Amino acid sequence: MSAAIQHSLAPAGGKTPEIAIFGTGAAGLCTAMQLKKAGIHSFTIYEKSDGVGGTWRDNTYPGAGCDIPSHLYSFSFEHKRDWSRKFALQPEINAYFEECAEKYDLTRHIRFNTEIASAEFDEDTAQWHIKTTEGEERMADIVVSGVGQLNQPFIPEIAGRDGFKGVQFHSARWRHDVNLKGKRVAVIGNGASAIQFVPEIAPEAAELTLFQRTPNWVIPKADRPYTKLELALFKAFPFLTKIHRAMIYLTLERNFLAFKKDSFFSKLFERQARKELESHIQDPELRAKLTPDYPAGCKRILLSNDWYPAMARKNVHVETNAIDHIGENAVVTKDGTVHPADIIIYGTGFKATDFLCPMEIRGLGGRLINDAWKDGAEAHRGVAVAGFPNFFMLYGPNTNLGHNSIIFMIECQVNYVMQCIEEMMAGDIAWLDVKPEAMTRFNTALQDEIKKSVWAGGCTSWYKTESGKVTNNWSSFTAKYWWQMRKADLENFAKVARSKIKAPARQAAE
Ligand code: NAP
C-alpha cells in the first residue's frame with residue numbers, strides 16, 4: 001500500500017523556496033526524501049539530538065519495538081525486503097531510518113543538536129523567522145514540522161518525587177548505566193511502552209511493583225522471525241513484499257471496525273484478550289485487577305505474548321491503589337502501604353495533546369498557535385492551521401491511529417504538502433493560508449465522526465484533552481484519509497502573490 005506520489009517541482013520563473021524541516025523522525029525524513037526525489041535541495045532539517053530516527057532513537061528501553069508489522073511500518077518508496085522478523089525491534093527500525101538518511105544524502109542538510117525555540121511568520125517578507133534555543137536565527141519560506149505527538153516525555157507531578165534517594169527515569173530516557181539486577185524496581189504506568197520493558201526487566205529485578213491505574217486490553221502478538229525461505233523469496237521476487245505489505249495493510253485496516261461504539265470487532269478483541277489473560281493468570285484477584293472495565297479500543301489495544309506471564313511472576317506485584325506520594329526510598333499508596341524501591345521507572349507516556357510544545361509558533365499578527373488551540377489542537381486535515389501561512393505539520397492533530405501504520409499517514413501528509421509547495425512554485429505564490437471556514441468544516445465533520453467512536457466514551461487516554469476533546473486520533477479508516485489527501489484542496493487556501501510582498505526576503509545573520 002503506497003501513499004507516496006512522485007513529484008517534480010520546477011519553479012515557473014518563481015523562487016525555489018527555502019524550507020525548514022523540524023525533526024529527523026519518520027516525518028522529517030520522509031519530507032526530505034520526497035523533496036530530494038523532486039529535485040529540491042534548498043532545505044535544512046533541524047534536529048534537537050545528535051542522531052536521526054525521532055522516537056526510535058529516543059526509545060531504547062529493553063524490548064522496545066513496534067506493534068505494527070515492519071513491512072508496513074516503513075516507507076512505501078523505500079521498501080526494505082529483509083526485515084528480520086514480523087515486528088522488528090528498535091535497533092533494526094532505527095537502523096532503517098539511518099540507512100534512509102544516508103541513501104538520500106540527508107546528513108549534510110541536518111543541523112544536529114539544534115533545538116527550535118520559536119518560529120514567527122513575518123508578513124512583510126513572507127518568511128518564517130526561526131530561533132534556536134541557543135539564540136541562533138534562521139529564515140525560511142516554508143516550515144514543515146515533523147516533531148509528531150510523542151516527543152515530550154510526561155512525568156506526573158507526584159508529591160515527594162524530587163526527594164527520592166534512589167534512581168528514577170522515564171522509559172523514553174532509559175538509563176542503560178543503571179543495573180537493575182537484584183534491585184527493588186517500581187514501575188509507574190502500564191501502557192504500550194511498559195508492556196514491552198516490564199517483561200524484559202522483571203527477571204532481573206529482585207522485586208518489581210507495577211503501579212497500575214487502568215488495566216489494558218492485551219492480545220497476543222503474531223510475531224516471529226522470517227524464515228530463510230521467506231527472506232530468499234522476498235529478495236528474488238520484490239513483488240511478493242508488496243503483496244505482503246498490502247495484506248498487512250488490509251488486515252490492520254479492518255481493525256478500525258473495533259473503534260466503532262458497541263462494535264462486534266471490539267467484543268472479539270475483548271474475548272481474545274480475556275482468553276489470553278485466563279490462560280496465564282490463575283489467581284482470581286490478579287485476573288480481576290488486570291481486566292479492563294471499558295470497551296477494547298478506547299485506549300490503544302496492546303500486543304504482547306509476555307505481559308501476562310510477567311504479571312504472573314512471583315517477584316512481580318500489581319498495585320492498583322493510587323499513589324499518594326514518593327518517599328526517600330519508597331512509593332507510598334493512598335491506603336498507607338509503603339512500597340520500598342531502589343529505582344523508579346516512569347512508563348507514563350508523553351505530553352501528547354501539547355502539540356508543538358515547547359516551541360513558540362506565531363502566525364499572522366503575532367498570534368500564538370497555543371492561543372488558537374486553547375480549546376484543544378486542531379488543523380485542516382491534520383496539516384495546516386488558519387492564520388499560520390506556509391506552516392505544515394506532519395503527524396499533527398487528529399492524525400494518530402490505533403489500528404494502522406502512522407508512516408502511511410505521514411506519506412499522505414507529505415504528498416499533500418508537496419502539492420502545496422508545487423502550487424507555490426508554479427504560481428510564484430508567497431504564501432498559502434488555509435481558510436478558517438474550510439478548517440472548521442473539516443473539524444466539525446471529524447468530531448461528529450469521533451462521537452460515534454469508542455474514544456468519545458468512558459475511558460481516559462492520551463487521545464484526548466482534559467476537557468474530553470479528542471485531539472489526537474483520526475476518525476476513520478486510513479483509506480478515507482488517503483482519499484482526502486491524494487489531491488491537495490488548494491481552493492481552500494488563501495493565496496498571496498509574491499508581487500504583493502512589501503519587503504525583500506531577509507537573510508538571518510549567522
Ligand atoms: P501511555 O500509553 O500513555 O501509558 C502511560 C501509562 O502511564 C498509562 O498506564 C497511564 O495510566 C499511566 N499514568 C499516567 N499518568 C499517571 C499517574 N499520574 N499515575 C499513575 N499512572 C499514570 O504511554 P506509553 O506506554 O509510553 O505509550 C504512548 C504511546 O506511544 C502509545 O500509545 C503508542 O502510540 C506509542 N508507542 C508505540 C509503541 C509501538 O509498539 N508502536 C510502543 C510504545 C509506545 P492510565 O491508563 O490510567 O492513564
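All values derive from a computational prediction rather than experimental measurement. Position 1 is the first residue of the sequence; numbering continues from there. Counting starts at 1 for both ligands and their atoms, in listed order.
Atom 33 (C) of ligand 1 has its nearest heavy-atom neighbour, among Glu157, Arg300, His170, in Arg300. Within the set Lys221, Gln196, Gln212, Arg213, the minimum heavy-atom distance to atom 22 (C) of ligand 1 is found for Arg213. Scanning Asp67, Asn59, Val187 for the heavy atom closest to atom 40 (O) of ligand 1 points to Asp67.
Applying the 4.0 Å criterion to heavy atoms of Tyr61 picks out, from ligand 1, the atoms 42 (C), 43 (C). Which parts of ligand 1 touch Phe154 is read off a 4.0 Å heavy-atom cut-off, strictly below it: atoms 15 (N). Interface atoms of ligand 1 facing Ile188, defined by a heavy-atom separation under 4.0 Å, are 20 (C), 21 (N). Proximity to Thr214 (heavy-atom distance under 4.0 Å) selects the following atoms of ligand 1: 45 (P), 46 (O), 47 (O). Those atoms of ligand 1 with a heavy atom of Gly347 less than 4.0 angstrom away are 4 (O), 5 (C), 6 (C), 7 (O). Near Lys299, meaning under 4.0 Å from any of its heavy atoms, are these atoms of ligand 1: 45 (P), 46 (O), 48 (O).
Checking only distances, Phe211 never comes within under 3.5 Å of ligand 1, N or O to N or O. Taking distance alone, with nitrogen or oxygen atoms compared against 3.5 Å, Thr460 stays at or beyond that limit from ligand 1. At least one N/O-N/O distance between Ser193 and ligand 1 falls below 3.5 Å. The distance criterion of under 3.5 Å between nitrogen or oxygen atoms is not met by Ser171 with respect to ligand 1. In terms of polar-atom proximity, Asn216 is not counted as a contact of ligand 1, lacking any N or O under 3.5 Å from an N or O of the ligand.
Residue contact check for ligand 1: Phe350 places a non-hydrogen atom closer than 4.0 Å to it. For the pair Gly65 and ligand 1, a heavy-atom separation below 4.0 Å is found. Residue contacts with ligand 1 include Leu150, since one of its heavy atoms falls under 4.0 Å from the ligand. Ligand 1 lies nowhere less than 4.0 angstrom from a heavy atom belonging to Phe197. Remark: distances from the non-hydrogen atoms of Phe87 to ligand 1 are all 4.0 Å or more.
With a 6.0 Å cutoff to the six-membered ring centre and a 45° limit on the axis angle, Lys221 counts as a cation-pi contact of Phe87. Annotation: cation-pi pair Arg486/Trp483 present, NZ/CZ under 6.0 Å from the ring centroid and within 45° of its normal.
In this structure, the protein non-hydrogen atom closest to atom 23 (O) of ligand 1 is Gly349 CA, 3.1 Å. For atom 37 (C) of ligand 1, the closest non-hydrogen atom on the protein side is Ala192 CB, 4.2 Å. Of the protein's heavy atoms, Asn190 N, 4.0 Å lies nearest to atom 8 (C) of ligand 1. The nearest protein atom to atom 12 (C) of ligand 1, hydrogens excluded, is given as Gly189 CA, 3.7 Å; this is a heavy-atom distance.
More than 12 heavy atoms of other residues, nucleotides or ligands sit less than 6.0 Å from atom CD of Glu278.
Residue-level proximity to ligand 1 for Pro156 is carried by the side chain, the only part with a heavy atom below 4.0 angstrom. Of all the heavy atoms of Tyr463, none lies under 4.0 Å from any atom of ligand 1, so neither backbone nor side chain is involved.
Between the side chains of Ser76 and Glu411, at least one donor N or O lies within less than 3.5 Å of an accepting N or O. When only modelled atom types and interatomic distance are considered, His403 and Glu253 share a side-chain donor-acceptor pair under 3.5 Å. Between the side chains of Tyr395 and Asn400, at least one donor-acceptor pair of N or O atoms lies under 3.5 Å. At a cut-off of 3.5 Å, with distance as the only test, a side-chain donor of Ser49 or Glu47 sits close to an acceptor on the other residue. Judged purely by distance below 3.5 Å, without hydrogens or angles, the side chains of His79 and Ser74 never pair a donor atom with an acceptor atom. A side-chain donor from one of Tyr73 and Trp56 sits under 3.5 Å from a side-chain acceptor of the other.
Ion pairing between a basic and an acidic side chain is recognised when a charged N comes within 4.0 Å of a carboxylate O; Asp324 and Lys334 show such pairing. The pair Arg224-Glu230 meets the salt-bridge criterion, since a charged nitrogen lies less than 4.0 angstrom from a carboxylate oxygen. Comment: Lys181 does not engage Glu204 in a salt bridge, judged by the lack of any side-chain N to carboxylate O separation of less than 4.0 angstrom.
Note: Tyr249 OH to Ile68 CD1 = 12.0 Å, rounded to the nearest 0.5 Å. Here the CZ-CD1 distance, from Arg271 to Ile219, works out to 13.5 Å after rounding to the nearest 0.5 Å.
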